[in-house]
Amino acid sequence: MTTAVAEPTGSYRAQFEEMPPAALRRLQERRLRSQLAYVWDRSPFYRQKFTTAGITSKDVRTIEDLAKLPFTTKDELRASQLAEPPLGAHAAASMDDVVRVHASSGTTGRPSYIGVTKHDAATWAESVARAYYSQGVRPNSILALGFGIGFFVGGVAVQAACEAIGATVVPVGVGASDRLVSAFDDLGADQLTCTPSYARYLAEFVRTKLGRDPRELGVKRIFLGAEPGGGVPAVRAQLEELWGARVSESIGNGDVLPVYAGDCEERTGAHFQAPDLVIVEVIDPDTGRALSLEEPEIHGELVFTHIDRECVPLVRFRSADLAVVRTEPCPCGRTGPRLRIIGRTDDLLIVRGVNVWPSAVRDVITSLRPLTTGEFEILLRSPPPLIDGPLSLRVELGDGAPDDVDAIGRRVTEELRDRLIVAAEVEMVPPESLPRFEMKARLIRKLYEEG
Ligand SMILES: [Zn+2]
């Protein structure tokens, strides 16, 4: 898989964003055939999967043929990685060719790892650059980067992308709000990229800790990402009011591309901007049937097939992201469908930009027996997946626990932080005090439904 990646020119309005449909389809189908042949040769996971389904890579020639292929789920990737560490049997490149490994918190206590070759890193930067360019990053921009660089797949890629555009990047990350403010005061940064919850937190910090109006900081544009809130009109309106800045969003998925869609100036949904790297399908999440992209508005789950990926190419990957997809023409001229993520098909929670599966929390709590009984409940004060603030938990003390209840609570908090990278607020409760369920453990309690 070696396709040329454009040299940086400052303009990241790619030809693929405006390509006539017929030409784009030819390009996608050519790359699809070549990617599937590559996957067949190099990924034991996929060879097995295709063989079980009774097909070979050669049976798929067109985009319609994709329907012959089985879906790939996150659970399968996790199992594949546990069985064949470090990257899994689905990986198609050796560690020698991998230049970077990202870790994201997985559905169990073990992080899931995503490898990137030199070519993958270049395509990541390219697709992120398109989305940041369409939102207004230019060579004369000074961008304060308020994403966690470490565990968030997008952090490094956003930095690389904005540098490629020629903008000045000030990588600050999260947890250093003072330094972020200095980037505006001392360096004249005029743009900010971070999660919606951090943008809100930072405004609050500036007001209460510094006694200043966030509007004085001179932030002109805020690019939201890594959490779904950036597409919600009320969230945007609130942030625009707080900051006096124009707010837009980009969308990505750690297993697919850190960013594959971004708002244009019209802000009527993030344009899908990576049709040369990945094919997107929209399916009915209940039946798995692919929905036609000819309709003006489609609701469904996004499914992705890489067509230019070396390390971990995925075939019909069910993202579990539920989206509204709009296809009517946009005045900006970009032809890619516009997406808004409206929820998840699974029980994923997103705590300040970090993915947390309740099953992973259970693994951590259970591993702390006999300090705990293993029983706990996650308290949600608003509908998931987005959790603003620390994850709130009630955890049962175990019978074998020593008397210092506060110390046990701290231990649970630390384990959650170390193993899942999540900030938690833990209340220890007596043994046998949480409700038991006969059929299936209920890990989440929706306080907002209890009135
Ligand atoms: Zn547009």
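Computed from a predicted structure; not experimentally measured. Every heavy atom of this structure was used, including side-chain atoms; hydrogens, water molecules and symmetry mates were not.
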With side chains defined as the heavy atoms from C-beta onward, is the minimum distance between Ile114 and Val312 less than 4.5 Å? yes
Rounded to the nearest 0.5 Å, how far apart are CG of Leu145 and CG of Leu192? 8.5 Å
Around atom CD of Glu328, are there more than 12 heavy atoms from other residues, nucleotides or ligands closer than 6.0 Å? yes
I'd like to know whether OH of Tyr201 has more than 12 heavy-atom contacts from other residues, nucleotides or ligands below 6.0 angstrom. no
Which atom names give the shortest non-hydrogen contact between Cys162 and Val169, and what distance separates them? CB-CG2, 3.6 Å
Output, in order, the C-alpha distance, side-chain angles, deciding distance and verdict of side chain to side chain contact (heavy atoms under 4.5 Å, CB included) for Leu368 and Glu415. CA-CA 9 Å; Leu368 290 172; Glu415 290 285 330; 3.8 Å; yes
For the residue pair Trp40 and Phe50, does the interplanar ring angle fall in the parallel (under 30°), tilted (30 to 60°) or perpendicular (over 60°) class? parallel
On the six-membered ring of Phe71, is Arg318 placed so that its NZ or CZ lies under 6.0 angstrom from the centre and within 45° of the ring axis? yes
Is any side-chain N of the basic residue among Arg221 and Asp190 closer than 4.0 Å to the acidic one's carboxylate O? no
Heavy-atom distance under 4.5 Å between the side chains of Thr123 and Ser127, does that happen here? no
Find out whether Asp75 and Arg78 are in side-chain contact, i.e. whether some heavy atom of one side chain is under 4.5 Å from a heavy atom of the other. yes
Distance (rounded to the nearest 0.5 Å) between Leu349 CG and Asn355 CG: 9.5 Å
Determine whether a donor-acceptor pair (N or O, by modelled atom type, separation under 3.5 Å) exists between the side chain of Arg338 and the backbone of Gly269. no
Pair Lys446-Glu450, salt bridge (charged side-chain N to carboxylate O under 4.0 Å, His left out): steps then yes or no: CA-CA 7 Å; Lys446 296 174 177 171; Glu450 296 174 13; over 6 Å; no
Looking at Arg411 and Asp404, is there a salt bridge between them, counting it only when a charged N and a carboxylate O are closer than 4.0 Å? no
Look up atom CD1 in Ile251 and atom CD1 in Ile341, then write down how far apart they are to the nearest 0.5 Å. 4.5 Å
Is any side-chain N of the basic residue among Glu249 and Arg340 closer than 4.0 Å to the acidic one's carboxylate O? yes
Side chain to side chain donor-acceptor pair (under 3.5 Å) between Gln273 and Ser134, worked out: CA-CA 10 Å; Gln273 292 166 309; Ser134 69; 3.0 Å; yes
Go through Ser80 and His90 one step at a time and tell me if the side chain to side chain donor-acceptor pair (under 3.5 Å) criterion holds. CA-CA 7 Å; Ser80 156; His90 54 288; 2.7 Å; yes
Minimum side-chain heavy-atom gap Val206-Leu217 below 4.5 Å: yes
Without swapping roles, check the side chain of Glu427 against the backbone of Leu393 for a donor-acceptor pair under 3.5 Å. no
For Leu277 and His306, what are the C-alpha separation, side-chain angles and deciding distance, and is it a side chain to side chain contact (heavy atoms under 4.5 Å, CB included)? CA-CA 6 Å; Leu277 304 176; His306 284 120; over 6 Å; no
So, are Asp185 and Arg212 salt-bridged, with charged N and O less than 4.0 Å apart? yes
Closest non-hydrogen atom pair, Leu224 against Ala199: CD2-CB, 4.2 Å
State, with a plain yes or no, whether a side-chain heavy atom of Val280 is found less than 4.5 Å away from one of Val256. no
Between atom OH of Tyr46 and atom OG1 of Thr51, what is the distance when rounded to the nearest 0.5 Å? 13.5 Å
Should Leu314 and Leu77 count as side-chain neighbours, where that means a heavy-atom distance under 4.5 Å? yes
Provide the closest heavy-atom pair for Ala203 versus Pro214 in the form atom of the first, atom of the second, distance. O-CG, 3.7 Å
Show, in sequence, the C-alpha distance, side-chain angles and deciding distance for Leu302 and Asn253, and conclude whether the side chain to side chain contact (heavy atoms under 4.5 Å, CB included) test is met. CA-CA 10 Å; Leu302 302 179; Asn253 177 300; over 6 Å; no
What verdict does the salt bridge (charged side-chain N to carboxylate O under 4.0 Å, His left out) test give for Arg130 and Glu126, after you've listed the backbone C-alpha separation in whole Å, the side-chain angles of each residue and the deciding distance to 0.1 Å? CA-CA 6 Å; Arg130 289 174 195 168; Glu126 166 74 26; 2.9 Å; yes
I need the minimum non-hydrogen distance between Val324 and Glu297, along with the two atoms involved. CG1-CG, 3.9 Å
Taking the side chain as C-beta and beyond, is there a heavy-atom pair between Arg326 and Pro337 under 4.5 Å? no
Closest non-hydrogen atom pair, Ile283 against Ala290: CG2-CA, 3.9 Å
As a quick check of understanding, evaluate side chain to side chain donor-acceptor pair (under 3.5 Å) for Glu396 and Thr372, giving each step before the final call. CA-CA 6 Å; Glu396 277 188 6; Thr372 75; over 6 Å; no
Crowding at NZ, Lys68 (>12 non-hydrogen neighbours, <6.0 Å): yes
Under 3.5 Å, side chain of Glu377 to main-chain N/O of Pro435, donor-acceptor pair present? no
Reference residue Arg316; test salt bridge (charged side-chain N to carboxylate O under 4.0 Å, His left out); the match among Glu281, Glu76, Glu301: Glu281
Phe147 ring center near Tyr198 ring center (under 6.0 Å): no
Got a donor-acceptor contact below 3.5 angstrom from the Arg215 side chain to the Glu241 backbone? yes
Taking the six-membered ring for Trp, are the ring centroids of Trp124 and His119 within less than 6.0 Å of each other? no
Could you tell me whether the side chain of Tyr113 and the main chain of His102 form a donor-acceptor pair under 3.5 Å? no
What is the distance from atom CZ of Phe376 to atom CZ of Arg362, rounded to the nearest 0.5 Å? 7.0 Å
Does a donor on one side chain sit under 3.5 Å from an acceptor on the other, for Thr193 and Tyr132? yes
dist Thr305:OG1 -> Leu36:CG (nearest 0.5 Å) comes out at 7.5 Å
Verify side chain to side chain contact (heavy atoms under 4.5 Å, CB included) between Leu202 and Leu180, making sure each step is shown before the conclusion. CA-CA 9 Å; Leu202 190 64; Leu180 209 46; 3.6 Å; yes
Does the distance from a Lys or Arg side-chain N to an Asp or Glu carboxylate O, for Glu240 and Arg236, drop under 4.0 Å? no
Take Tyr260 and Ser250 through the test side chain to side chain donor-acceptor pair (under 3.5 Å) and record every step on the way to the result. CA-CA 8 Å; Tyr260 55 70; Ser250 58; over 6 Å; no
For Phe317, all residues meeting ring pair (Phe, Tyr, Trp, His ring centres under 6.0 Å), sequence neighbours excluded: none
Ion pair check, Arg200 and Asp388, cut-off under 4.0 Å: yes
Heavy atoms of Ala93 and Thr117 approach each other most closely as CB-CG2, 4.0 Å
Between Ser367 and Arg419, is there a side-chain donor-acceptor contact under 3.5 Å, judged purely by atom types and distance? yes
Are any of the side-chain heavy atoms of Cys330 and Cys264 separated by less than 4.5 Å? yes
